[in-house]
Amino acid sequence: MDKSAIDPHIERILLSNSEIISRVKEIAAQVSGDYRGKQLTIVTVLKGSVFFAADLLRFLTIDRDIDFVCTSSYIGANSVSKVQLVADLSSNPKGKNILLVEDIADTGLTLNYLRDNLKERGAASVAVCVLLDKPAARKVAVEIAYRGFTIEDFFVVGYGLDYEEKFRELPYIGVLKQSVYNNK
Ligand code: IMP
């Protein structure tokens, strides 16, 4: 990629758009094979996963529909991080085969919460699909069925991922310069 095209807040590009898209195509082929003959519901975790979910949906070759949830984290009793639903699905998950699509598994708290929540509400199956996996940051175990890339514990932005709502539009995934968050 032309160096001048790199956003000045980005330290370096970790994954180019073409690398991301080829991996998304591979995951879509895998998911299509695994769910052939079934109706799949893609549950997209807002907001960071919208680019990933949209591309995944384009490359799937099976019956599928899409829905959205939005979560937020807060510090609960005993300083333990908790996740809550800010916006729920538009339809009942009961009896559905759900693929939870998330941009990144970091602490694992969001995916854990959502998986339990969907299972408790009677989903027939819940599998997790993440574009990025940061295992070094994990606080709770998450079973990941489909994983795009495993990355080190960097703060990354682009392809939907943000820092304070910025940088989502970047076509690539890049490591954010530390000066962006240190100089706040
Ligand atoms: P969790 O810690 O696994 O629950 O991840 C929750 C959310 O944190 C993800 O969906 C992302 O929105 C955000 N997040 C975690 N790591 C990064 C990162 O490196 N860049 C941008 N957002 C991140």
Side-chain angles (χ1 to χ4, degrees), residues 6-17 19-20 23-24 27 41-57 66-89 98-120 126-184:
I6 301 174
D7 184 283
H9 301 95
I10 300 300
E11 181 71 45
R12 65 193 166 88
I13 293 176
L14 205 58
L15 297 161
S16 69
N17 187 259
E19 284 176 293
I20 298 168
R23 187 70 188 117
V24 175
I27 296 172
T41 299
I42 305 283
V43 171
T44 307
V45 188
L46 293 171
K47 303 172 189 171
S49 313
V50 287
F51 288 49
F52 177 37
D55 283 336
L56 189 67
L57 206 83
I66 189 164
D67 211 335
F68 301 88
V69 285
C70 188
T71 58
S72 75
S73 306
Y74 65 98
I75 305 295
N78 310 322
S79 307
V80 176
S81 291
K82 298 250 180 202
V83 178
Q84 64 186 348
L85 264 189
V86 179
D88 200 3
L89 299 167
I98 290 177
L99 185 65
L100 254 178
V101 174
E102 174 67 308
D103 50 4
I104 189 164
D106 190 42
T107 62
L109 290 165
T110 305
L111 285 166
N112 233 285
Y113 168 84
L114 285 172
R115 173 190 273 256
D116 289 352
N117 177 289
L118 293 167
K119 280 191 168 166
E120 276 163 23
V126 183
V128 169
C129 173
V130 296
L131 180 64
L132 304 175
D133 185 12
K134 250 199 242 184
R138 202 72 92 251
K139 288 187 181 158
V140 288
V142 198
E143 198 185 314
I144 298 174
Y146 308 94
R147 170 189 288 104
F149 305 89
T150 300
I151 64 166
E152 286 177 54
D153 198 3
F154 302 122
F155 193 85
V156 291
V157 292
Y159 194 68
L161 289 143
D162 74 308
Y163 172 68
E164 296 192 334
E165 295 299 327
K166 295 192 201 85
F167 311 111
R168 292 192 197 277
E169 71 287 358
L170 298 178
Y172 51 81
I173 289 174
V175 178
L176 191 64
K177 283 184 180 165
Q178 284 198 10
S179 55
V180 178
Y181 40 92
N182 286 344
N183 293 343
K184 274 202 70 195

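Predicted, not measured: the structure shown is a model, and the values here were computed from it. Counting convention: from 1, in listed order, for ligands and their atoms alike.
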Sub-4.0 Å protein heavy atom next to atom 20 (N) of ligand 1: yes
Distance-only N or O hit between ligand 1 and F155, under 3.5 Å: no
Option with minimal heavy-atom separation from atom 13 (C) of ligand 1, where the choices are I104, L109, D106: I104
Evaluation steps, salt bridge (Lys or Arg N to Asp or Glu O under 4.0 Å), between R138 and D133: CA-CA 9 Å; R138 202 72 92 251; D133 185 12; 2.5 Å; yes
Region of F154 that comes within reach of ligand 1 [heavy atoms, distance under 4.0 Å]: backbone
Distance flag for atom 7 (C) of ligand 1, protein heavy atom under 4.0 Å: no
Ligand 1 contact on K134 by region, counting heavy-atom pairs under 4.0 Å: side chain
Identity and distance of the protein heavy atom lying nearest atom 12 (O) of ligand 1: D103 OD2, 3.6 Å
Heavy atom of the protein closest to atom 4 (O) of ligand 1 (residue, atom name, distance): T110 OG1, 2.5 Å
Option of least heavy-atom distance to atom 22 (N) of ligand 1 (set: L132, V130, T107, L161): L161
Matching residue for F154 among Q178, K134, R12 - test: side-chain contact (heavy atoms from CB on, under 4.5 Å): R12
Side-chain (E19) to main-chain (S16) donor-acceptor, under 3.5 angstrom: yes
Distance under 6.0 Å and angle within 45° of ring axis: R168 vs Y163: no
Within-4.5 Å side-chain heavy-atom neighbours: L170 and D7: yes
V45 side chain near V101 side chain, heavy-atom distance below 4.5 Å: no
Pairwise side-chain contact, K166 with H9, heavy-atom cut-off 4.5 Å (strictly under): no
Ligand 1 versus D162: contacting region, heavy-atom distance under 4.0 Å: backbone
For V156, atoms of ligand 1 separated by under 4.0 Å from a heavy atom: 18 (C), 19 (O), 20 (N), 21 (C)
Ligand 1 N/O within reach of G108 N/O, cut-off under 3.5 Å: yes
Aromatic ring pairing Y159/F52, orientation class (parallel under 30°, perpendicular over 60°, tilted between): tilted
